[in-house]
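Side chains are part of it too, since the values below use all heavy atoms of this structure and drop only hydrogens, waters and symmetry mates. Residues: numbered from 1 along the sequence shown.
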Amino acid sequence: MRKQLHKAGTVSVGEKIKLKLTRRKETVGRRANSHKHYDQEAAHAVRVLTALEGERLAGVIRQASLLCQPGNHEERFRLSRSNADLNRALTFLVNACWGSARERDALRRNQQICEAFESLVDKANRLLNQPKLDARQKIDEQKLFKNKLRGLRKDRDAPAS
């Protein structure tokens with residue numbers, strides 16, 4: 001046998017409608033404010049990172065590449081709590097790298113910032129790959145030099161005719 005339902009209190013339909021209307025008024029603009037926040041973060045990140053040059057930029061890019069790898073949760077958390085301009089920019093960059101929808105949507109909403117961000121990422125990839133290219137070029141130059149030395153030795157040791 002089922003127990004009878006005991007109501008503690010009743011709310012009229014009019015009161016329910018008023019409550020829903022007040023909740024709706026509170027939520028209006030929440031998404032737009034969120035969009036505005038991430039749009040500002042995207043613009044700020046691009047502005048800060050494009051202002052960097054030389055060795056400072058290379059160091060920041062190396063740090064970002066380390067943060068984009070799995071296993072650096074504590075450092076990413078520390079960065080996300082920081083209010084320093086560079087740390088905020090790094091946080092945005094790392095979150096976009098990890099595929100956060102809010103950061104990516106902020107880039108999609110503003111085409112100029114998106115293009116600047118893409119050029120920044122291309123520049124970062126070139127800087128990250130540059131040491132590898134330099135090392136390869138150095139190895140190739142060493143091989144070429146050894147071949148030239150061998151050729152010179154053969155010419156020197158060859159009997160004169």
Side-chain angles (χ1 to χ4, degrees), residues 8-9 11 13-149:
V11 178
V13 175
E15 288 180 62
K16 281 185 179 180
I17 291 173
K18 286 179 186 176
L19 286 172
K20 287 184 178 183
L21 285 175
T22 56
R23 282 192 205 133
R24 189 175 294 158
K25 284 179 185 176
E26 290 172 359
T27 60
V28 168
R30 189 179 296 169
R31 185 175 291 167
N33 289 337
S34 174
H35 288 333
K36 188 177 5 174
H37 168 74
Y38 283 101
D39 292 346
Q40 289 172 350
E41 285 296 315
H44 175 74
V46 168
R47 194 175 335 109
V48 167
L49 293 173
T50 53
L52 298 175
E53 291 183 8
E55 194 57 38
R56 177 114 168 117
L57 176 64
V60 168
I61 289 171
R62 280 188 222 104
Q63 184 181 6
S65 71
L66 289 175
L67 290 170
C68 286
Q69 296 173 359
N72 293 318
H73 304 294
E74 293 83 17
E75 183 65 17
R76 282 197 303 272
F77 182 76
R78 186 192 65 77
L79 270 179
S80 68
R81 298 294 177 235
S82 175
N83 285 330
D85 288 341
L86 188 58
N87 290 346
R88 284 175 49 205
L90 265 173
T91 299
F92 183 87
L93 179 65
V94 169
N95 288 343
C97 171
W98 276 91
S100 172
R102 292 181 174 164
E103 279 80 3
R104 293 206 178 239
D105 288 344
L107 291 171
R108 286 187 196 114
R109 280 191 295 273
N110 191 334
Q111 197 63 33
Q112 291 174 331
I113 291 176
C114 184
E115 290 170 2
F117 187 78
E118 287 174 357
S119 69
L120 182 69
V121 169
D122 290 340
K123 186 176 183 179
N125 287 333
R126 282 195 309 271
L127 280 174
L128 285 174
N129 293 331
Q130 187 176 9
K132 295 176 188 174
L133 292 176
D134 289 344
R136 287 183 192 151
Q137 287 174 346
K138 192 180 267 188
I139 290 170
D140 291 342
E141 288 174 2
Q142 287 174 349
K143 287 180 181 178
L144 191 71
F145 183 70
K146 286 180 182 178
N147 289 339
K148 283 184 181 180
L149 277 178

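The pair D105-R108 meets the salt-bridge criterion, since a charged nitrogen lies less than 4.0 angstrom from a carboxylate oxygen.
Taken to the nearest 0.5 Å, the CG atom of L93 stands 5.0 Å off from the CZ atom of F117. Put simply, NZ on K123 and CD1 on I61 are 7.5 Å apart, with the number rounded to the nearest 0.5 Å. Atom-to-atom distance recorded for K18:NZ and T22:OG1 is 10.5 Å, nearest 0.5 angstrom. The line from CG of D85 to CG of L90 is 11.5 Å long, rounded to the nearest 0.5 Å.
Of all non-hydrogen atoms in I113 and A43, the two that sit nearest each other are CD1-CB, 3.5 Å. The two residues R24 and T27 have their closest heavy-atom pair at O-OG1, 2.9 Å. Between L67 and R76 the shortest heavy-atom distance is O-NH1, 2.9 Å. Closest approach of E75 and Q63 over heavy atoms only: OE2-NE2, 4.1 Å.
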side-chain contact (heavy atoms from CB on, under 4.5 Å) between L86 and L52, worked out: CA-CA 10 Å; L86 188 58; L52 298 175; 3.8 Å; yes
F92 and V46: CA distance, side-chain angles, deciding distance, side-chain contact (heavy atoms from CB on, under 4.5 Å) verdict: CA-CA 9 Å; F92 183 87; V46 168; 5.8 Å; no
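Remark: the backbone N or O of L79 is not paired with any side-chain donor or acceptor of S82 at under 3.5 angstrom. Checking side-chain atoms of T91 against main-chain N and O of N87 turns up a donor-acceptor pair under 3.5 Å.
Counting only residues at least two apart or in different chains, salt bridge (charged side-chain N to carboxylate O under 4.0 Å, His left out) contacts with residues 33-57 comprise D39-R109, E41-R88, E55-R62.
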